[in-house]
Protein chains: 2
Amino acid sequence: MNQRQSLADDGDSSKAKPRRLGKNGDGAERHEAIYRTISDAIIEHRLRPGARLREDALAEVFGISRTGIRKILQRLALEQLVTLTPRRGASVTRPTADEAKDVFDARQMVECGLMPEVARRIKPENVSELRDMARREREALRSGEQSRAIKLSAAFHERLAQLSGNATLAAFVGQLCSRSSLILAVYGSSGHLGCESHDHDDLIGFLEAKNGERATAFMSRHLKAIEASLSIVEEEEETPDLQRIFGI
Amino acid sequence: MNQRQSLADDGDSSKAKPRRLGKNGDGAERHEAIYRTISDAIIEHRLRPGARLREDALAEVFGISRTGIRKILQRLALEQLVTLTPRRGASVTRPTADEAKDVFDARQMVECGLMPEVARRIKPENVSELRDMARREREALRSGEQSRAIKLSAAFHERLAQLSGNATLAAFVGQLCSRSSLILAVYGSSGHLGCESHDHDDLIGFLEAKNGERATAFMSRHLKAIEASLSIVEEEEETPDLQRIFGI
DNA sequence: CTGCCAGTCATTGTATACGTTTCTTCCGCC
DNA sequence: GGCGGAAGAAACGTATACAATGACTGGCAG
């Protein structure tokens, strides 16, 4: 029923030889790379919400032992990208409708609140960097690489938050964007991606003009548009179905 | 080597039932309790910033193996309460001045932004609960229990955020409050605690009156007052000292 | 006497083994 | 024929053993 073999098919990709370097030096770097690989796979919807992440399978795929995998899984769980149920293992988080609302409300508050400061601090090189990111996102969209586009969109929003200079809030926005990607995977209509392709460019224009007020308003509309495009229907999956129907 | 249980069964406290679970039972609950114990010790300044947290020592004190301790330490590291340096182990985080500014800016944005919603949703039982928390905090302050007062103050702010109904933002505020406690430990003047004793009561009054606007303004002043009471002097400790002086 | 180098120690990082729990499947019974 | 229970298997949780790396101390040379 559930595609738990989605991880086991090692033939899928570029990680052909994680075999040998178990011994040598930089383990931390390797862990970071594995973390990023899994995280990207989730954000790009290569791992759909609900997919099981068995420790053994991951350990084998990446050529490290379960100990390291568990560490990475815990980190992902703290960021709410995977859900760790006590004796059942890990699976990609399936956000509830309430969580989706919370995440977008939080983004509304934080990202909009950051815009004035970003407009104040933005520099020409940041503008060109952002334009480059927006361009790559547009290209990915046009060429049908939805996965890439989603990741680039999240990266754009996170980079924007970083430009505020507040590392704490930027990290928080980064988490919110990751979770938003998960929400899009569950509630997003397939044909319609989160961010309109031209939106980000417009926003950059306001920021370049140091117009914090308009940037804030535009970001607010932008996020509202994304949220409105979701079809939050609260599809019941398993047991809560019966409880809610007959329970009362 | 195996007499580690000599510490485990010292009958330390209220954990009456874990007698049996030498093997297992509810390990997750136990982990949670240990996490909370360490977290509280940090927040209450019983463990000062910079204090080293050796895995062996913690494992022996709590009667579990290093595996479990590492899990807890990683969680604390993700919440920025402890710093995990690659081959040097864990220590209580010593926030920098920049981090302190970021944290208080973030609190300013999020906690103030939450006040209108809190004022809208607050119920009489919440009001009495908050009043009770504020009273206990005042009592702790009066009786000189600074540690308790700090923890209660953080709990108050976190509970306030929870009343907004947004669990994501509430959890974020909880983290910010924990980090604020650390900041107070480093930069706070000893005689002057973070929150004035009457401030919280005043705030409750505004919320009870459903006056979100005044509550927001008051929270802003409240946080500004805490931040202003800090003596951020950027005391150099170890190596960065020389780098900053001779580095350029 | 001071500074450097080497050896030892202490502490963390990783892996593996074992115990426990849960899910699955099969068999028997209703 | 369907349902329930039991046994086996698979996967997670924990502990322990081993390896590697950084810190400290003692000795030697300049």
Side-chain angles (χ1 to χ4, degrees), chain A residues 1-8 18-35 38 50-78 82-92 237-239, chain B residues 1-9 18-35 38 50-78 82-92 238-239:
Chain A
M1 197 67 82
N2 43 10
Q3 66 281 22
R4 59 178 166 291
Q5 65 168 0
S6 56
L7 276 177
R19 185 133 326 230
R20 160 72 358 65
L21 37 78
K23 277 306 126 177
N24 89 359
D26 49 2
E29 222 170 86
R30 180 149 178 68
H31 275 58
E32 182 69 18
I34 296 173
Y35 161 78
I38 299 177
R52 288 195 57 187
L53 302 171
R54 291 193 301 110
E55 296 178 353
D56 285 344
L58 290 171
E60 198 173 358
V61 166
F62 292 108
I64 63 174
S65 88
R66 279 177 47 215
T67 308
I69 292 295
R70 288 176 64 81
K71 195 161 86 175
I72 294 168
L73 247 28
Q74 277 172 43
R75 180 170 164 193
L76 289 166
L78 253 351
V82 313
T83 302
L84 235 47
T85 48
R87 288 276 176 180
R88 309 271 308 269
S91 60
V92 178
E237 298 93 27
E238 40 236 336
T239 50
Chain B
M1 198 61 84
N2 264 345
Q3 69 277 22
R4 64 185 169 291
Q5 69 171 350
S6 59
L7 279 175
D9 58 356
R19 160 84 23 247
R20 155 61 94 319
L21 48 74
K23 277 303 116 174
N24 191 347
D26 46 3
E29 225 170 85
R30 180 147 180 68
H31 276 56
E32 183 68 20
I34 296 174
Y35 160 78
I38 299 177
R52 289 195 56 185
L53 301 172
R54 289 191 304 108
E55 296 178 352
D56 282 345
L58 290 171
E60 200 172 358
V61 166
F62 291 108
I64 62 175
S65 89
R66 279 178 46 214
T67 307
I69 292 294
R70 288 176 64 82
K71 193 160 88 174
I72 294 168
L73 248 28
Q74 277 173 42
R75 178 169 165 194
L76 289 166
L78 253 352
V82 314
T83 301
L84 233 48
T85 48
R87 287 278 176 178
R88 308 273 308 270
S91 60
V92 179
E238 39 234 336
T239 49

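Keep in mind it's a predicted model, so treat the numbers as computed, not measured.
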Peer 1: Quick check: on DNA chain C, is the nucleotide nearest Thr67(B) upstream (toward 5') of the one nearest Asp56(B), or the reverse? Name the residue that is more 5'.
Peer 2: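 Result: Asp56(B).
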Peer 1: Of all the heavy-atom pairs spanning Ser91(B) and Gly50(B), show the shortest one and how long it is.
Peer 2: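 Between these two residues, the closest heavy atoms are CB-O, 4.0 Å.
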Peer 1: Whole angstroms only, please: what is the CG-P distance between Leu84(B) and dT14(C)?
Peer 2: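 Rounded to whole Å, this separation is 11 Å.
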Peer 1: Rounded to whole Å, please give me the gap between CZ in Arg88(B) and C1' in dA20(D).
Peer 2: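 Taking CZ of Arg88(B) and C1' of dA20(D), I get 16 Å after rounding.
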Peer 1: Within this structure, what is the CD1-to-P distance between Ile64(A) and dT16(C), rounded to whole angstrom?
Peer 2: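 For the pair Ile64(A) CD1 and dT16(C) P, the rounded distance is 11 Å.
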Peer 1: Do the charged groups of Glu32(A) and Arg75(A) touch, with an N to O distance under 4.0 Å?
Peer 2: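 Between Arg75(A) and Glu32(A) there is a salt bridge, with a charged N closer than 4.0 Å to a carboxylate O.
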Peer 1: Give a yes/no answer on whether the side chain of Arg87(B) brings an N or O atom under 4.0 Å of OP1 or OP2 in dA20(D).
Peer 2: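 Answer is no, no contact under 4.0 Å.
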Peer 1: Please find the pair of heavy atoms, one from His31(A) and one from Ile72(A), that lie closest to each other, and give the distance.
Peer 2: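 Result for this residue pair: O-CD1, 3.8 Å.
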Peer 1: Taking atom CD1 of Ile69(B) and atom CD1 of Ile34(B), what is their separation to the nearest 0.5 Å?
Peer 2: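 Between atom CD1 of Ile69(B) and atom CD1 of Ile34(B) there are 5.5 Å.
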Peer 1: For Leu73(B) and Val82(B), which heavy atoms make the closest approach, and how far apart are they?
Peer 2: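 Looking at all heavy atoms of both residues, the closest pair is O-CG2, 3.6 Å.
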Peer 1: Reckon Gly89(B) touches a base, only the sugar-phosphate, or nothing at all at heavy-atom distances under 4.0 Å?
Peer 2: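 Sugar-phosphate, no base atom in range.
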Peer 1: Let me know the distance between CD of Glu29(A) and P of dG13(C), rounded to the nearest Å.
Peer 2: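 In whole Å, dG13(C) P lies 16 Å from Glu29(A) CD.
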Peer 1: Quickly work out the Arg70(A) CZ to dG13(C) C1' distance and round it to whole Å.
Peer 2: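 Rounded to whole Å, this separation is 16 Å.
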Peer 1: Roughly, in whole Å, what's the span from CD in Glu55(A) to C1' in dA17(C)?
Peer 2: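 From Glu55(A) CD to dA17(C) C1': 15 Å.
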Peer 1: Rounded to whole Å, how long is the line connecting atom CZ of Arg52(B) with atom C1' of dG22(D)?
Peer 2: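 Taking atom C1' of dG22(D) as the reference, CZ of Arg52(B) is at 11 Å.
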Peer 1: If the cut-off is 4.0 Å, is Arg54(A) near the phosphate of dA11(D), judged by side-chain N/O to OP1 or OP2?
Peer 2: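 Yes.
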Peer 1: Using a cut-off of strictly less than 4.0 Å, decide whether Arg66(B) has a side-chain nitrogen or oxygen near OP1 or OP2 of dT16(D).
Peer 2: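 Looking at the OP1 and OP2 atoms of dT16(D), neither is under 4.0 Å from any side-chain N or O of Arg66(B).
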Peer 1: Check this one for me: any side-chain N or O of Lys71(A) less than 4.0 Å away from OP1 or OP2 of dT14(C)?
Peer 2: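 True: Lys71(A) side-chain N/O within range (under 4.0 Å) of dT14(C) OP1/OP2.
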Peer 1: Whole angstrom is fine here: how far is it from CG in Leu58(B) over to P in dT14(D)?
Peer 2: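 Computing the Leu58(B):CG to dT14(D):P distance gives 16 Å.
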Peer 1: Nearest heavy-atom pair of Ser65(A) and Ala59(A): which atoms, and what distance?
Peer 2: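 Heavy atoms of Ser65(A) and Ala59(A) come nearest at C-CB, 3.9 Å.
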Peer 1: Quick check: closest heavy atoms across Arg88(A) and Arg52(A), and the distance to 0.1 Å?
Peer 2: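 Between these two residues, the closest heavy atoms are O-NH2, 3.5 Å.
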Peer 1: Can you find a side chain N or O atom of Ser65(A) that sits less than 4.0 Å from OP1 or OP2 on dA15(C)?
Peer 2: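 It does, given that an N or O in the side chain of Ser65(A) lies less than 4.0 Å from OP1 or OP2 of dA15(C).
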Peer 1: If you fit an axis to the five pairs at each end of the helix from dC1(C)-dG30(D) to dC30(C)-dG1(D), how big is the angle between those two axes, to 10 degrees?
Peer 2: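 About 10° separates the two local helix axes.
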